[in-house]
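What you are looking at is a predicted structure, and each value in this text was computed from that prediction instead of being measured. Order of appearance sets the numbers: ligands from 1, and atoms from 1 within every ligand.
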Amino acid sequence: MRKKIVAGNWKMNKNLAETGELIAEIKRSFNNPSKANIIIAPTFTNLYYAFEEFKGLEITVAAQNMHHAENGAFTGEISADMLKSIGIETVILGHSERRAYFGENDEVLAKKVNTALKHDMTIIFCFGEELQDRKGEHHFSVVENQLKNGLFHIDANQWSNVVLAYEPVWAIGTGETASPEQAQEMHAFIRSAIAKAYNDSIADEVSILYGGSVKPTNAEEIFAKPDVDGGLIGGAALDAESFEAIASAI
Ligand code: 13P
């Protein structure tokens, strides 16, 4: 059975003191074991601190990005080895903000995927169409191409280290959510694309998260859809109470 996952992407929010406060609140609100695996991705400067703070609790701390090179002259970048050396085993790759503002294309992402998998990390691979793609009714082909070009080169046995996050760009931080039906339709399409490229059992086992304006008020109906295995949460993950409410909606 595939895993249910609720992940909080804190993006470029929370300094060290604020990170400490939010972690303390999360620890207080998550005293009942959730049915979902919980992942939290703070910013790089607070990763080690967060990792130490959550140690022993069933909360995984993830990075929001990493570079594909092993090391070298890449000023400002972070390697897989650096992450692993502080205990981080999970990394978000291909977030639409990385694609849109930092020029990450499918080719670069494929390299990042390879490096993360080589280091036996778990990747949360993000993708999703823009508003113009959906309006033009080519959202399925855009998503399929992102998957084919960035991810579908991996070996069948590497899929156990992959979580997918479908995040339609038009729904991120906009307050506009894909309807549960739109999310289900796309998640089912993604699963069928994986079945076509690999096989039914890989398609059936991979967790596919939905991201884009998930809130306590809409989480339950989105998570109730059969092909939605949880969520990647931005804004609402910055508040412990709403993040807990979303995690409980699984
Ligand atoms: P919001 O939940 O703020 O729309 O962000 C979604 C997201 O980008 C998570 O990675």
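Closest protein heavy atom to atom 3 (O) of ligand 1: G235 N, 2.8 Å. For atom 9 (C) of ligand 1, the closest heavy atom belonging to the protein is E167 OE2, 2.9 Å. Of the protein's heavy atoms, K11 NZ, 3.3 Å lies nearest to atom 5 (O) of ligand 1.
For N71 and D81, the side-chain atoms include no donor-acceptor pair closer than 3.5 Å. Side-chain contact check for E144 and H138: no donor-acceptor pair (N or O, by modelled atom type) lies under 3.5 Å. With no hydrogens or angles considered, no side-chain donor-acceptor pair links S201 and E205 at under 3.5 Å.
Taking NZ from K3 and CD1 from I39, the interatomic distance works out to 8.0 Å, rounded to the nearest 0.5 Å.
Counting atoms of ligand 1 from 1 in the listed order, those under 4.0 Å from a heavy atom of G212 are 4 (O), 6 (C). Counting the atoms of ligand 1 from 1 in the order shown, those under 4.0 Å from a heavy atom of S213 are 1 (P), 2 (O), 4 (O). For ligand 1, the atoms lying closer than 4.0 Å to a non-hydrogen atom of A171 are 4 (O).
Proximity of the aromatic rings of F243 and F30 is defined here by a centroid distance below 6.0 angstrom, and this criterion is met.
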Working for ring-ring contact (aromatic ring centres under 6.0 Å, His included), residues F223 and Y210 | CA-CA 8 Å; F223 295 165; Y210 168 79; 8.6 Å; no

For H95 and Q64, run side chain to side chain donor-acceptor pair (under 3.5 Å): C-alpha distance rounded to whole Å, both residues' side-chain angles, the deciding distance at 0.1 Å, then the answer.
-> CA-CA 8 Å; H95 192 281; Q64 297 176 16; over 6 Å; no

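Residue-level proximity to ligand 1 for L232 is carried by backbone and side chain together, each with a heavy atom below 4.0 angstrom.
The heavy atom nearest to atom 4 (O) of ligand 1, considering only G234, G173, G231, is found in G173.
Contact analysis leaves A236 out of contact with ligand 1, as no non-hydrogen atom separation drops below 4.0 angstrom.
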